[in-house]
Amino acid sequence: MRVLFWGTPEFAVGPLMAVLAAGREIVGVVTRPDRPRGRGRRSVAPSPVKRRALELGIPVLTPALPRGEAFLSELRALGAEISVVVAYGHILPPGVLELPPRGSINLHASLLPEFRGAAPIQWAIIRGARRTGVTVMRMTAGMDEGPILLSRSLRIGEEETASRLAPRLSALGAELLPEALTGLEGGTLAEVEQDHARATYAPKVDRETARIEWGRGAPEIHAHVRGMDAVPGAWTPFRGAPVKLFGPRTRDGGSPAPPGTVLRRDPGEGLVVQAGRGAVLFTGAQPAGRRRMEAGAWLRGGGPAVGERLG
């Protein structure tokens with residue numbers, strides 16, 4: 001089966017390699033254009049999927065938007081039988097979805113119909129889900145609404161972060177995609193309509209979404225910070241500049257102090273901050289303009305004083 005693979009981030013690299021390892025011919029890769037990187041954003045870098053595709057000698061397309069007659073002509077010339085989409089980053093129009101004879105399938109990082117949308121890994125953690133997984137679905141015009149072909153689940157660890165969960169889900173998807181392609185080729189897969197009444201949504205996260213709301217309870221802040229790790233990183237204002245906080249641990253009790261108040265600073269353990277209910281210990285930090293570090297290192301070099309209020 002001749003496959004056109006769509007993907008951009010590191011999450012999609014494992015599934016790309018799994019499709020190749022299963023003996024499928026990948027006739028081309030579509031990925032997002034090179035992006036500015038580094039300090040000052042003076043250099044550009046290809047996506048992880050583009051880097052791997054070029055290493056493998058696979059033709060790569062990088063349209064600004066996946067539409068237009070010129071782009072469709074490029075796709076037709078590749079002669080793909082099916083499109084496989086993994087975290088590409090753009091919504092595909094019907095004309096693109098329907099171009100290959102076998103249509104288009106998507107590997108989505110949730111157990112659909114839960115967490116449809118751009119950031120399913122982050123929101124599964126933020127909303128306190130105990131389990132999540134991956135789903136291979138038939139793509140339709142509606143966002144993540146198509147029939148389910150296969151799914152597989154795993155447990156979310158109590159202290160697991162989005163940056164640790166993502167590779168596990170990518171590996172799970174890499175197992176599932178070849179199975180789905182084999183089933184489609186052999187006509188052995190049933191396409192099961194989603195229960196749309198059970199749908200929940202996982203919108204794109206941005207800087208404002210990542211801001212810590214200290215008035216929330218300690219468990220909610222704990223989940224929020226884990227879900228935002230490592231990108232974009234949960235943050236709070238500190239002396240007029242943002243500081244990102246990582247490695248949260250809930251603490252019972254707290255104090256009558258206003259939410260966001262620093263209760264304790266321990267260079268060996270970290271920073272304890274009052275929440276709306278309870279308190280949260282942070283073991284990692286990233287002050288503005290500096291690298292991520294242990295919270296103790298930040299405190300030894302300065303950091304907030306006991307009684308100082310974040311936010």
Side-chain angles (χ1 to χ4, degrees), residues 1 3-9 11-12 14-16 18-19 30 66-67 80-156 160 162 165-166 168-205 209 223 227:
M1 188 184 298
V3 174
L4 177 63
F5 189 92
W6 304 65
T8 299
F11 182 90
L16 168 67
V19 172
V30 186
R67 59 196 65 201
E81 296 174 69
I82 191 168
S83 279
V84 173
V85 182
V86 184
Y88 168 56
H90 275 305
I91 294 175
L92 303 186
V96 171
L97 294 177
E98 297 162 5
L99 186 63
R102 292 181 180 268
S104 302
I105 64 173
N106 172 245
L107 174 68
H108 186 74
S110 80
L111 297 174
L112 291 171
E114 296 178 349
F115 301 113
R116 294 175 177 172
I121 299 173
Q122 291 93 330
W123 287 106
I125 292 175
I126 293 167
R127 294 179 185 159
R130 300 284 184 88
R131 299 192 69 83
T132 188
V134 292
T135 302
V136 179
M137 51 160 280
R138 171 76 61 187
M139 296 183 75
T140 61
M143 183 181 66
D144 300 327
E145 294 180 3
I148 293 172
L149 303 173
L150 288 173
S151 65
R152 194 162 294 165
S153 70
L154 53 71
R155 181 179 176 275
I156 300 175
E160 192 157 25
L165 180 58
R168 295 209 295 135
L169 289 172
S170 175
L172 195 62
E175 295 176 5
L176 207 60
L177 259 183
E179 184 179 338
L181 290 171
T182 297
L184 285 171
E185 195 170 41
T188 59
L189 278 186
E191 299 192 7
V192 180
E193 288 295 324
Q194 296 185 39
D195 181 355
H196 300 294
R198 291 182 47 243
T200 59
Y201 295 90
K204 183 178 179 180
V205 298
T209 308

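Of the possible donor and acceptor atoms, one in the side chain of T182 sits under 3.5 Å from a partner among the backbone N and O of P178. Between the R168 side chain and the R155 main chain, a donor and an acceptor come within less than 3.5 Å of each other. Judged by distance alone, with hydrogens and angles left aside, the side-chain atoms of S83 form no donor-acceptor pair with the main-chain N or O of S104 at under 3.5 Å. R138 places no side-chain N or O within donor-acceptor distance of the main-chain N or O of P147, the cut-off being under 3.5 Å.
A distance of 14.0 Å separates OG1 in T132 from CZ in R130, rounded to the nearest 0.5 Å. Distance check: S153 OG to L172 CG gives 8.0 Å after rounding to the nearest 0.5 Å. Rounding to the nearest 0.5 angstrom, the gap separating the CD atom in Q122 from the OG1 atom in T209 is 10.0 Å. With rounding to the nearest 0.5 angstrom, the OG atom of S170 is 8.0 Å from the CG atom of L107. Once rounded to the nearest 0.5 Å, the distance linking CE of M139 with CD of E145 reads 11.5 Å.
V84 places a side-chain heavy atom less than 4.5 Å from the side chain of L181. The side-chain heavy atoms of L149 and E191, taken from C-beta on, include a pair separated by under 4.5 Å. Between L97 and T140 there is no side-chain heavy-atom pair separated by less than 4.5 Å. Looking at heavy atoms from C-beta onward, I156 lies in side-chain contact with L165 at the 4.5 angstrom threshold. Within the 4.5 Å cutoff, the side chain of E114 has no heavy atoms near those of the R131 side chain.
Summarising the geometry of I125 relative to E160, their closest heavy-atom pair is CD1-O, 3.8 Å, with the distance given to 0.1 Å. In terms of heavy-atom proximity, G227 sits nearest to A162 at O-CB, 3.3 Å. When all heavy atoms of V136 and A180 are compared, the closest pair comes out as CG1-CB, 3.8 Å. The nearest pair of heavy atoms linking I91 to P66 is O-CG, 4.1 Å. A pairwise comparison of heavy atoms in V86 and N106 identifies N-ND2, 4.3 Å as the closest pair. The two residues S151 and L111 make their nearest non-hydrogen contact at CB-CD2, 4.3 Å.
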Should L177 and I105 be marked as a side-chain contact (heavy atoms from CB on, under 4.5 Å) after you check the CA-CA gap, both sets of side-chain angles, and the distance that decides it? CA-CA 9 Å; L177 259 183; I105 64 173; 4.1 Å; yes
Are H196 and R116 close enough, and set up right, to give a side-chain contact (heavy atoms from CB on, under 4.5 Å), and what steps lead you there? CA-CA 11 Å; H196 300 294; R116 294 175 177 172; 2.8 Å; yes
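For residues 99-134, the set of pairs meeting the ring pair (Phe, Tyr, Trp, His ring centres under 6.0 Å) definition, not counting sequence neighbours, is empty.
Every ring-ring contact (aromatic ring centres under 6.0 Å, His included) that Y88 has, sequence neighbours left out, goes to W6, H90. Applying the side-chain contact (heavy atoms from CB on, under 4.5 Å) test to I148 and every residue at least two apart in sequence or in another chain returns L112, T135, Q194.
A salt bridge links E179 with R152: the closest approach of a Lys/Arg side-chain nitrogen to an acidic carboxylate oxygen falls below 4.0 angstrom.
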